[in-house]
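Here the structure is laid out as structure tokens; the discussion comes afterwards.
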Amino acid sequence: MQFLSPATWAEALAVKADLPDATPIAGGTDVMVELNFRRHRPPALLDLTRVPGLASWSLEGGRIRVGAGLPYSRIMDELGGRLPGLAMASRTVGSPQIRNRGTLGGNLGSASPAGDGHPPLLAGGAEVELASVRGVRTVPVAEFFTGPKRSVMAVDELIAAVLVAPAEGPEQFAKVGTRNAMVIAVGSFALALHPSRQAVGTGVGSAGPTPLRAPEAEEFAAAHLPWESRAALDPETARRFGELVSAAASPIDDVRGSAAYRRHALAVLARRTLTWAWSELCG
Ligand SMILES: Cc1cc2nc3c(=O)[nH]c(=O)nc-3n(C[C@H](O)[C@H](O)[C@H](O)COP(=O)(O)OP(=O)(O)OC[C@H]3O[C@@H](n4cnc5c(N)ncnc54)[C@H](O)[C@@H]3O)c2cc1C
């Protein structure tokens, strides 16, 4: 197996164009599991860790550009104020070692329906920046995933960054698993309140072939939250919101949980996170 370690982004894109079967590797926390269990034997590994700037973030045109190589530990330390939902989700990923190595770009690259980075990106209306020698394109994260572990990324493309507006209201993330730490989500949910446009963003994980939004729940909450009065949240509104989030999911029975449990858990997570976020906004 070849190990290719480009020193520039242009070089990385040129390698991917020449060798589309080369597997990019960032933190390696998914790639190395695949290799160790002999599930995947690529002809070449394309190491992205030497590419300058990939593990950084910046403010660009009012949005935050999170480089694909930024690890969870730095998202937590450096972006907790601007992207609280993503930082909350990052805190739940694996162990400190995994959070130091694992990256947001790697989470998107794996495109697992259970990836914890995905729900907050959906709730925040993020876009994924994809690059190749042919050019750069941005794809709304809601259109990025096409199936379990599949995405719109072409064979010659690499993920450069994620573009997302800084939170302008409270954000939440919650996940259930078989234990508190080192767990793949049985179900997860992210919520973002956008008070200036009286809108609500959602992201659901581990409850369908891809991470997904719950548009009917978003519309319901936007229409029923007392934005002007900032009155306390009606428990019935929270309950109905949970029900609509649960209805948006299409979970399966698997070793981690049944479809029925996932639907129930999602309704509870959605109800709770809406309650927490609304009290933060009005408190
Ligand atoms: C013990 C353990 C616990 C874990 N716990 C969690 C958890 O709680 N939640 C969770 O979501 N995940 C978890 N994971 C999975 C993993 O840590 C995450 O998916 C992480 O984000 C992967 O990032 P990485 O940089 O290590 O990716 P890598 O393993 O380097 O790559 C992952 C995939 O993305 C591709 N890729 C990487 N960078 C790019 C790029 N720039 N452009 C295009 N493709 C790219 C790779 O080719 C590969 O297909 C866990 C893994 C382990 C081993």
Side-chain angles (χ1 to χ4, degrees), residues 3-6 9 12-13 15-17 19-37 39-51 53-56 65-76 86 88-121 128-132 136-137 139 144-145 148-162 173-188 190 203 205-206 211 256:
F3 187 79
L4 306 161
S5 195
W9 184 237
L13 296 179
V15 171
K16 196 66 178 121
L19 281 174
D21 287 341
T23 294
I25 180 164
T29 60
D30 279 327
V31 169
M32 292 311 296
V33 173
E34 295 283 302
L35 293 186
N36 287 341
F37 283 98
R39 289 184 197 134
H40 184 48
R41 205 75 197 161
L45 284 178
L46 172 56
D47 170 35
L48 298 174
T49 57
R50 287 177 61 222
V51 173
L54 208 57
S56 66
R65 187 173 191 278
V66 184
L70 197 69
Y72 295 109
S73 53
R74 285 190 52 202
I75 294 173
M76 289 152 52
L86 185 60
M88 279 181 207
S90 300
R91 273 183 219 114
T92 75
V93 172
S95 60
Q97 295 89 337
I98 298 294
R99 295 194 286 271
N100 279 337
R101 291 292 309 175
T103 64
L104 193 58
N107 211 222
L108 286 164
S110 291
S112 159
D116 288 321
H118 310 145
L121 297 181
V128 184
E129 185 183 303
L130 296 169
S132 69
V136 175
R137 63 178 176 136
V139 178
F144 178 76
F145 307 102
K149 306 200 171 181
R150 289 202 309 275
S151 73
V152 297
M153 191 166 42
V155 287
D156 63 344
E157 283 182 317
L158 291 173
I159 301 164
V162 166
F173 174 82
K175 118 184 185 186
V176 285
T178 44
R179 56 187 181 190
N180 277 341
M182 289 288 289
V183 75
I184 300 177
V186 175
S188 63
S206 258
R256 282 181 281 125

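For ligands, and for the atoms within them, numbers begin at 1 and follow the listed sequence.
- Side-chain contact of Tyr72 with Asp116: a donor-acceptor pair under 3.5 Å is absent, judged by distance alone.
- Residue contacts with ligand 1 do not include Glu34, since none of its heavy atoms lies under 4.0 Å from the ligand.
- Close to ligand 1: Leu48, with a non-hydrogen atom less than 4.0 angstrom away.
- With a 4.0 Å heavy-atom cut-off, ligand 1 is reached by the backbone of Thr29 and by its side chain too.
- Below 4.0 Å from some heavy atom of Gly115 lie the following atoms of ligand 1, by number and element: 11 (O).
- Annotation: salt bridge (charged side-chain N to carboxylate O under 4.0 Å, His left out) contacts of Arg39 (sequence neighbours excluded): Glu34.
- Contact annotation: for Met182 versus ligand 1, heavy atoms closer than 4.0 Å belong to the side chain alone.
- Residues forming a side chain to side chain contact (heavy atoms under 4.5 Å, CB included) with Thr103 (at least two apart in sequence, or on another chain): Ala26.
- In plain terms, the two heavy atoms of Ala22 and Lys16 that are nearest each other are O-NZ, 2.9 Å.
- Within the 4.0 Å heavy-atom shell around ligand 1 one does not find Leu104.
- When all heavy atoms are compared, the tightest approach of Met153 to Arg137 is CA-NH2, 4.2 Å.
- A heavy-atom separation below 4.0 Å is not found between Lys149 and ligand 1.
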